[in-house]
Amino acid sequence: MEHTQWYKDRVFYQIWPRSFKDGNGDGMGDLWGVYEKLDYIKSLGVGGIWFSPLYPSPGVDCGYDISDYMDIAPEYGGMEAFEKVLEGAHARDIKVIMDLVVNHTSSQHEWFQKSRRRIEPYTDYYIWRPARPGGGLPNNWDSLFEGKAWQFDELRGEYYLHLFAVEQPDLNMDNPLVREEVKKILRFWLDKGVDGFREDVITFISKTEGLPNDRLMPASRGLLLYNNGPHLLEYLTEFYDGALADYDCMTLAEGPMINVKKALRYIEEKPGKVIDMIIQFECMSADCIATDYIHTPFSLRRLKRAWTKWQKGLAGKAWNMLYLENHDHPRVISRYGSEKYRVLSGKTLAAAYLFQQGTPFVYQGQEIGMTNWYPADPEMYEDVQTRWQYFHKATKRSPEKRLKRLWDASRDSARTPVQWTDGPKAGFTEGEPWFYLNENYKEVNVAAAEADPDSLLHFYRRAIALRQSLPAVRSGSYRAFDAFSGKRCVYAREGEGQRLLVVCAFSEAEQRFRAPAGFDLSAAKLVLQNYSDAPQGKLRPYECRVYLWA
Ligand code: NOJ
């Protein structure tokens with residue numbers, strides 16, 4: 001089947017279902033809530049939805065621990081509600097992609113329960129190892145969420161590998177039967193009519209043979225021995241040839257720590273391409289080192305370097321995926337922008353990424369400028385990784401310092417319910433919300449943003465519509481200026497008879513600005529801006545402007 005690459009002309013919206021909109025009053029977001037909001041999603045100019053996992057799950061990792069891949073969780077409305085949403089989305093020309101989480105399952109999955117009991121054919125579905133002589137762990141790898149990556153199972157009398165939570169055992173992808181299961185899952189959803197997949201930590205599925213000790217520990221924690229492993233390309237090819245090739249679908253692979261060169265192995269547009277786009281993490285590392293928990297001051301230079309590296313690195317070869325937020329990172333205005341200049345900086349951030357080459361993703365709440373959450377009590381955090389960081393890691397630090405770290409780094413900041421109104425429970429639910437609301441919902445909410453023509457929400461709509469109307473954004477070249485400036489981001493997109501200059505200020509102080517040589521602003525049309533005028537020679541706090549020559 002021909003792959004028409006429809007994703008190149010669309011903007012996606014990510015839904016993290018628990019916190020999007022509750023439709024049945026039980027306090028948890030669900031598909032009835034999504035159904036109610038399809039017109040809102042469409043109104044953003046969006047042409048695709050990525051659903052974080054909707055499958056049955058014990059919820060240890062909010063759905064990324066799946067106990068049944070072929071169903072929809074009852075709390076989200078079950079298959080019936082999903083089919084309705086899928087139909088409603090398609091009727092609005094919105095594609096739907098699912099989260100494919102096959103590096104691991106839930107420990108409650110039937111496969112794992114049978115594997116523990118050595119019931120065939122499931123015995124080797126997971127990565128089991130006996131204790132080392134003397135009772136030691138099979139190797140020295142760390143879990144990314146909590147402690148060591150091995151858990152002893154009494155029933156089987158062996159350790160199993162879990163790169164994430166204890167309740168998320170890693171599948172043994174070297175077992176051909178497990179790969180068959182993956183292909184079955186892909187076909188099941190594609191046959192149902194979904195349009196593709198976001199593939200969770202898919203670069204982790206092939207572990208180095210023999211599972212050797214990591215000699216670089218503690219720096220790499222085993223990562224180099226399971227990320228981009230020896231059979232990754234082979235397995236992705238098998239998934240492609242054995243399922244994906246038969247459908248006009250798209251795939252988006254999550255690639256922690258991936259660089260351009262490695263990404264091209266999977267996404268380069270030539271025969272043998274097995275993935276359409278990669279979620280790279282470099283653009284999420286402008287205020288931290290490797291993980292959000294090693295926080296550093298925000299560096300615009302670092303952010304621009306990452307953007308330019310990917311824009312240039314994939315030019316003419318592959319397609320970028322663009323994002324500023326998802327459910328795994330704190331809110332971007334609090335990180336890269338300014339809460340004081342919430343709306344202005346939100347607009348500057350939007351302009352800075354939306355006009356790059358690639359397919360942009362907008363995460364729920366990003367479009368209204370939701371910001372981080374600052375609970376006073378660490379017990380209020382829900383996320384398994386966050387709780388480990390506070391309660392078990394670096395406990396020698398003062399509680400104040402540890403709490404501050406969560407404020408900077410916790411994923412829960414992006415997981416508070418979407419703020420729809422300034423009414424009870426922010427209009428998210430008629431019941432008791434499953435999680436805390438950000439206290440700023442009286443000011444920051446969709447209804448208020450709808451009513452204000454200058455809101456970030458309306459800016460997103462304008463920016464997306466503009467982007468979709470400009471061929472240069474889809475296929476023009478990318479040129480970055482002022483690379484050494486830590487205060488502004490300036491780039492041009494040129495092609496198809498158009499030239500676009502995007503100018504974004506990232507400082508609270510006014511700064512001087514002159515257009516790059518060859519860009520005569522007096523001959524350009526100012527097609528997007530976040531102030532009502534545009535005086536020459538300077539940029540005001542978090543000002544952004546998009547100029548067009550056509
Ligand atoms: C990446 C997902 O985005 C994250 O939310 C999840 O916790 C881990 N993978 C494990 O599935």
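In listed order, ligands and their atoms are each counted from 1.
The protein atom (non-hydrogen) at minimum distance from atom 3 (O) of ligand 1 is D328 OD2, 2.4 Å. Counting only heavy atoms of the protein, atom 7 (O) of ligand 1 lies nearest to D61 OD2, 2.5 Å. The nearest protein atom to atom 2 (C) of ligand 1, hydrogens excluded, is given as D200 OD1, 3.0 Å; this is a heavy-atom distance.
The residues E36 and K21 are annotated as salt-bridged, a charged nitrogen and a carboxylate oxygen being separated by less than 4.0 angstrom. Taking 4.0 Å as the cut-off between side-chain N and carboxylate O, R387 and E146 do not count as a salt-bridged pair. Using a cut-off of 4.0 Å between Lys/Arg side-chain N and Asp/Glu carboxylate O, R302 and D287 are scored as not salt-bridged.
Seen from the ring of W141, R221 does not count as a face-on cation partner, given the 6.0 Å and 45° thresholds.
Residue contacts with ligand 1 for Q385 are absent, since no atom lies close enough (heavy atoms, distance under 4.0 Å). Residue-level proximity to ligand 1 for R415 is carried by the side chain, the only part with a heavy atom below 4.0 angstrom.
For W189 and F82, the gap between ring centers is short of 6.0 Å.
Near R411, meaning under 4.0 Å from one of its heavy atoms, ligand 1 places the atoms 4 (C), 5 (O), 6 (C), 7 (O). Residue-ligand proximity, H104 to ligand 1, at heavy-atom distances under 4.0 Å covers atoms 10 (C), 11 (O).
Note on ring orientation: taking the six-membered ring where Trp is involved, the planes of Y160 and W128 are perpendicular (angle over 60°, cut-offs 30° and 60°).
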